[in-house]
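Remarks on the structure that follows.
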2 protein chains.
Amino acid sequence: MTYRNTKQRKDVYDVLKGLDRHLTADQVMEELKKNDRQVGLATVYRNLHHLHENNMIGKVLKDGVALYDGNPEPHDHLHCRMCGKIFDVPKILNEENIKAIEDEKGFSVEEYFTTFEGVCNDCKK
Amino acid sequence: MTYRNTKQRKDVYDVLKGLDRHLTADQVMEELKKNDRQVGLATVYRNLHHLHENNMIGKVLKDGVALYDGNPEPHDHLHCRMCGKIFDVPKILNEENIKAIEDEKGFSVEEYFTTFEGVCNDCKK
DNA sequence: CTCCTTAATGAGAACTGTTATCATTGTATC
DNA sequence: GATACAATGATAACAGTTCTCATTAAGGAG
Ligand SMILES: [Mn+2]
Ligand SMILES: [Mn+2]
Ligand SMILES: [Zn+2]
Ligand SMILES: [Zn+2]
């Protein structure tokens, strides 16, 4: 009774689900409109937040703006400075790397994110 | 003749220079006022941007807001989710890690940033 | 099925951090 | 000292996001 399944929530999730791109809230809105799903902007934000909190979608910050990710599994990102595209890459750091930091700094790592900035293959041609 | 040394630029730099904290533009403003240095907000932003472009200060994004760093050398950050503090840590990834990504994805890495989210030593007590 | 509680929605205002505008100032160069 | 134009200050504009609040509709109880 504390959580309700609304059609808006489902509609927002359906846009991202299984998608390998990374969309801004506005882009999610566009997709909804394209599919004739009427959802208010504030509701889109609320649901993106909610879905992310519940580990159903991922979230990346690119220059301070939130991009939502159909893939909720931990992974890292390449960001092309020429075309702006975001690409997924597996995490590289291993348990020992993390443990070394935790032991050395007395800091408990809950999550960590690496972003690689550079130029993608397509843009180099 | 393309670059000029103004006292405002120096004042902004003096706030950050050698500082091991990470300040928002507003906090830089506060420091300036505290030291009786009158610099307009837009000028503070312009100079932070300029100093960062010229590798004189560092810049970190925390929840989308820019934090400026007296240390311009590449290093990574721990972000405590309880107290909000930012701590410096040396980069962990090595040449091979980067090269592996470049070879595998055909992506040229110019820079990369890792942020560890968690709880710092003080906040665990 | 109907009633009821309250989570969720929609529209728009408000907010926050940052950038743009533009007339004015002052730095570097001759 | 005159000149060119980079830089400044005040403030408007902007973008992305969150808040407000009246209204709607999930979904559990009877
Ligand atoms: Mn991703
Ligand atoms: Mn730092
Ligand atoms: Zn590219
Ligand atoms: Zn802490």
Side-chain angles (χ1 to χ4, degrees), chain A residues 1-16 21-54 56-69 77 79 81 84 86 115, chain B residues 1-16 21-54 56-69 77 79 81 84 86 115:
Chain A
M1 21 16 198
T2 183
Y3 162 92
R4 289 175 188 180
N5 268 311
T6 64
K7 58 178 179 306
Q8 290 89 339
R9 185 115 75 207
K10 182 179 185 308
D11 288 343
V12 170
Y13 181 51
D14 285 347
V15 169
L16 271 325
R21 288 189 301 142
H22 303 80
L23 306 185
T24 62
D26 272 355
Q27 290 173 322
V28 171
M29 279 292 278
E30 283 173 34
E31 287 300 312
L32 289 167
K33 278 180 194 145
K34 201 177 294 177
N35 306 351
D36 292 300
R37 294 278 173 284
Q38 156 64 30
V39 187
L41 179 61
T43 300
V44 168
Y45 273 104
R46 276 186 295 243
N47 281 321
L48 288 171
H49 190 261
H50 185 279
L51 291 164
H52 179 241
E53 290 277 272
N54 291 81
M56 306 195 53
I57 61 176
K59 181 180 179 179
V60 206
L61 290 174
K62 171 181 153 186
D63 308 322
V65 303
L67 300 182
Y68 293 90
D69 190 339
H77 294 98
H79 173 214
R81 284 176 168 168
I86 301 266
T115 305
Chain B
M1 21 15 199
T2 182
Y3 162 93
R4 289 176 188 178
N5 268 311
T6 64
K7 57 178 181 304
Q8 291 89 338
R9 185 117 74 208
K10 181 178 186 311
D11 288 343
V12 170
Y13 182 51
D14 284 347
V15 169
L16 270 325
R21 288 190 300 142
H22 303 79
L23 306 186
T24 62
D26 272 356
Q27 290 173 323
V28 172
M29 279 292 278
E30 282 172 35
E31 287 300 312
L32 289 167
K33 278 180 193 143
K34 200 178 293 176
N35 307 350
D36 293 299
R37 294 278 173 282
Q38 156 63 29
V39 186
L41 179 60
T43 300
V44 168
Y45 272 105
R46 276 186 295 244
N47 281 320
L48 289 172
H49 189 262
H50 185 279
L51 290 164
H52 178 242
E53 290 278 273
N54 290 81
M56 304 194 54
I57 62 176
K59 180 179 179 179
V60 207
L61 289 174
K62 171 180 155 188
D63 309 321
V65 304
L67 300 182
Y68 293 89
D69 192 337
H77 295 97
H79 174 215
R81 284 179 167 166
I86 302 264
T115 306

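From a predicted model like this one, the values you see are computed outputs, not experimental measurements. Quick note on labels: first sequence line is chain A, next is B, and so on, each numbered from 1.
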What integer distance in Å separates [X]:[atom1] from [N]:[atom2]?
X       : N      : atom1 : atom2 : result
B:Leu61 : D:dT17 : CG    : P     : 13 Å
A:Asp63 : D:dC14 : CG    : C1'   : 16 Å
A:His52 : D:dT17 : NE2   : C1'   : 16 Å

**Request:** Please identify each residue that fulfils side chain to side chain contact (heavy atoms under 4.5 Å, CB included) with B:Gln27, with sequence neighbours left out.
**Result:** B:Leu23, B:Thr24
**Item:** Helix axis bend for the helix from C:dC1-D:dG30 to C:dC30-D:dG1 - C1'-based end axes, five pairs, 10° rounding
**Value:** 40°
Applying side-chain hydrogen bond (donor to acceptor under 3.5 Å, both in side chains), can you list everything that pairs with [X], at least two apart in sequence or on another chain?
X       : result
A:Lys7  : none
B:Asp69 : B:His22, B:His75, B:His77
A:Asp14 : A:Lys10, A:Lys17

**Prompt:** Which parts of residues 21-30 of chain A get close to DNA chain C, meaning a heavy atom less than 4.0 angstrom away?
**Reply:** none
**Asked** Going 5' to 3' on DNA chain C, which nucleotide is the first and which the last to come under 4.0 Å of a heavy atom in chain A?
**Response** C:dT5 to C:dG12
Shorter than 3.5 Å, N or O on both sides, protein versus nucleotides 5-8 of chain D: list them out with atom names.
| residue | atom | partner | partner atom | Å |
| --- | --- | --- | --- | --- |
| D:dC5 | O2 | B:Arg4 | NH1 | 3.0 |
| D:dC5 | O2 | B:Arg4 | NH2 | 3.1 |
| D:dA6 | O4' | B:Arg4 | NE | 3.2 |
| D:dA6 | O4' | B:Arg4 | NH1 | 3.4 |
| D:dA6 | O3' | B:Thr2 | O | 3.3 |
| D:dA6 | N3 | B:Arg4 | NH1 | 3.2 |
| D:dA7 | OP1 | B:Arg4 | N | 3.1 |
| D:dA7 | OP1 | B:Arg9 | NH2 | 2.6 |
| D:dT8 | OP1 | B:Thr6 | OG1 | 2.7 |
| D:dT8 | OP1 | B:Asn47 | ND2 | 3.2 |
| D:dT8 | O3' | B:Gln8 | NE2 | 2.9 |

Sequence neighbours excluded and cut-off under 3.5 Å, please list the side-chain donor-acceptor pairs for residues 46-54 of chain B, or say none.
| residue | atom | partner | partner atom | Å |
| --- | --- | --- | --- | --- |
| B:Arg46 | NH2 | B:Thr43 | OG1 | 3.0 |
| B:Asn47 | OD1 | B:Arg9 | NH1 | 2.8 |
| B:Asn47 | ND2 | B:Thr43 | O | 3.3 |

**Request:** Sequence neighbours left out, what pairs pass salt bridge (charged side-chain N to carboxylate O under 4.0 Å, His left out) with at least one residue falling in residues 32-45 of chain A?
**Result:** A:Asp11-A:Arg37, A:Glu31-A:Lys34
